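In what follows, a structure is listed as structure tokens, so that the remarks can point back to it.
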Amino acid sequence: MPNQEPVTNITDPRWLRAISHPIRIRLLAMLDEEPASPVILASKLDQPLGTIAYHVRTLYDLGLLKLVSTRQRRGATEHYYKTTGHPRSSEEAWEGLDAISKQRLLTALIAKATDYATRSAAAGGFDAREAHISTDALKLDRQGLEQLAQESKKWLARAQEIERESAQRNGQNAEAQLSIGLTLMLFQALPFSAELPADADQGSENGDGHAAGRESAARR
């Protein structure tokens with residue numbers, strides 16, 4: 001059994017510890033998709049089994065993984081793990097994080113999104129006509145930013161509703177399911193023509209102007 005209760009909020013220090021290593025970020029992404037053992041994960045990531053086993057154990061002890069099954073393989077018992085869920089994110093939770101914690105979380109999330117899109121693109125993920133990628137630089141006042149943020153939340157809620165409807169139509173038919181990647185970002189932007197502020201590594205928000213960036217990776 002895990003040594004900790006499951007992580008349910010991004011403000012939990014254990015979540016920040018979990019995503020502080022790039023291998024753990026990848027492991028969480030992989031185990032969010034399907035159960036796997038350290039042996040399988042080590043093979044897919046081309047990493048030593050001892051290294052992967054250590055990180056899996058860390059995530060398990062932090063309450064981010066659960067043991068779902070065991071299998072006998074070559075005289076040994078393989079343990080298969082799956083993620084326990086996603087920590088809850090909210091405006092209040094985000095505001096409750098200090099600048100360093102925000103930067104650590106942002107670094108992990110951006111790295112995950114970049115890796116996801118890059119790998120999918122290499123496999124033809126943007127070849128379908130439905131695929132889309134764009135970056136828009138907008139000029140908004142505070143009210144406009146708040147309106148855009150609300151519309152983004154509505155759109156994400158609708159995307160989740162579409163996923164549920166799709167699952168109801170297809171049931172357990174795995175062949176009918178396409179793996180779709182979707183990343184949505186909304187942030188106060190630093191113009192490309194501006195110099196990076198000296199304290200940017202501390203998560204400073206010194207940019208002027210606003211931008212909404214969105215990218216979606218279609219089937220891969």
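It should be emphasised that the depicted structure is a prediction, and the values quoted were computed from it without experimental measurement.
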Taking a hydrophobic cluster as the set of Ile, Leu, Val, Met, Phe, Trp and Tyr residues connected by side-chain heavy atoms closer than 4.5 Å, whether directly or through intermediates, do [X] and [Y] fall within one such cluster?
X	Y	value
Leu45	Ile19	yes
Tyr81	Val68	no
Leu186	Leu140	yes
Ile25	Leu16	yes
Leu31	Leu67	yes

Any salt bridge linking Glu78 with Arg71? Criterion: basic side-chain nitrogen under 4.0 Å from a carboxylate oxygen.
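Between Arg71 and Glu78 there is no salt bridge, as every charged N stays at least 4.0 Å from the carboxylate O atoms.
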
Salt bridge or not between Glu161 and Arg164? Use side-chain N to carboxylate O under 4.0 Å.
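No, Glu161 and Arg164 are not salt-bridged.
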
Under the side chain to side chain contact (heavy atoms under 4.5 Å, CB included) criterion, do Leu65 and Lys82 qualify, and how do the steps go?
CA-CA 5 Å; Leu65 300 181; Lys82 186 81 169 65; over 6 Å; no

Is any side-chain heavy atom of [X] closer than 4.5 Å to a side-chain heavy atom of [Y]?
X	Y	result
Leu59	Thr83	no
Thr70	Tyr80	no
Ser134	His132	yes
Leu190	Pro197	yes

Which pairs with one or both residues in residues 35-45 pass salt bridge (charged side-chain N to carboxylate O under 4.0 Å, His left out), sequence neighbours excluded?
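Listed by first then second residue: Glu34-Lys44.
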
How long is the straight-line distance from [atom2] of [Y] back to [atom1] of [X], given to the nearest 0.5 Å?
X	Y	atom1	atom2	answer
Leu148	Asp136	CG	CG	9.5 Å
Leu182	Gln160	CG	CD	9.5 Å
Ser69	His79	OG	NE2	9.5 Å
Thr135	Met185	OG1	CE	9.0 Å
Tyr54	His21	OH	NE2	8.0 Å
Ile180	Glu130	CD1	CD	8.5 Å

Between Glu151 and Gln147, is the side chain to side chain contact (heavy atoms under 4.5 Å, CB included) condition met? List the steps.
CA-CA 6 Å; Glu151 290 300 319; Gln147 291 174 332; 5.7 Å; no

Step by step, work out the side chain to side chain contact (heavy atoms under 4.5 Å, CB included) result for Trp15 and Leu105.
CA-CA 9 Å; Trp15 174 242; Leu105 183 56; 3.5 Å; yes

Which atom pair, heavy atoms only, marks the closest approach of [X] to [Y]?
X	Y	answer
Ile23	His55	CG2-CD2, 3.7 Å
Phe126	Ala117	CE1-O, 3.8 Å
Gly125	Ala131	O-CB, 4.1 Å
Ile52	Pro38	CG2-O, 3.8 Å

So for atom CD, which belongs to Gln72, do other residues, nucleotides or ligands contribute more than 12 heavy atoms lying within a distance under 6.0 Å?
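More than 12 within 6.0 Å, yes.
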
Is there a donor-acceptor pair closer than 3.5 Å between any side-chain N or O of [X] and the backbone N or O of [Y]?
X	Y	value
Ser166	Ile162	no
Arg24	Arg17	yes
Ser120	Tyr116	yes

Report the C-alpha distance between Glu95 and Lys102 in whole Å, list the side-chain angles of each, state the deciding distance to 0.1 Å, and finish with yes or no for salt bridge (Lys or Arg N to Asp or Glu O under 4.0 Å).
CA-CA 9 Å; Glu95 290 178 353; Lys102 285 182 179 180; over 6 Å; no

With ILVMFWY side chains joined below 4.5 Å, transitively, what does Val39's cluster contain besides itself?
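Leu49, which link up through side-chain heavy atoms under 4.5 Å apart, make up the rest of the cluster.
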
Between Ser179 and Gln177, is a side chain to side chain contact (heavy atoms under 4.5 Å, CB included) present by the stated rule, with each step listed?
CA-CA 7 Å; Ser179 294; Gln177 297 178 352; over 6 Å; no

Would you please say whether a donor-acceptor pair under 3.5 Å links the side chains of Asp61 and Thr58?
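Looking only at side-chain atoms, Thr58 and Asp61 do not form any donor-acceptor pair under 3.5 Å.
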
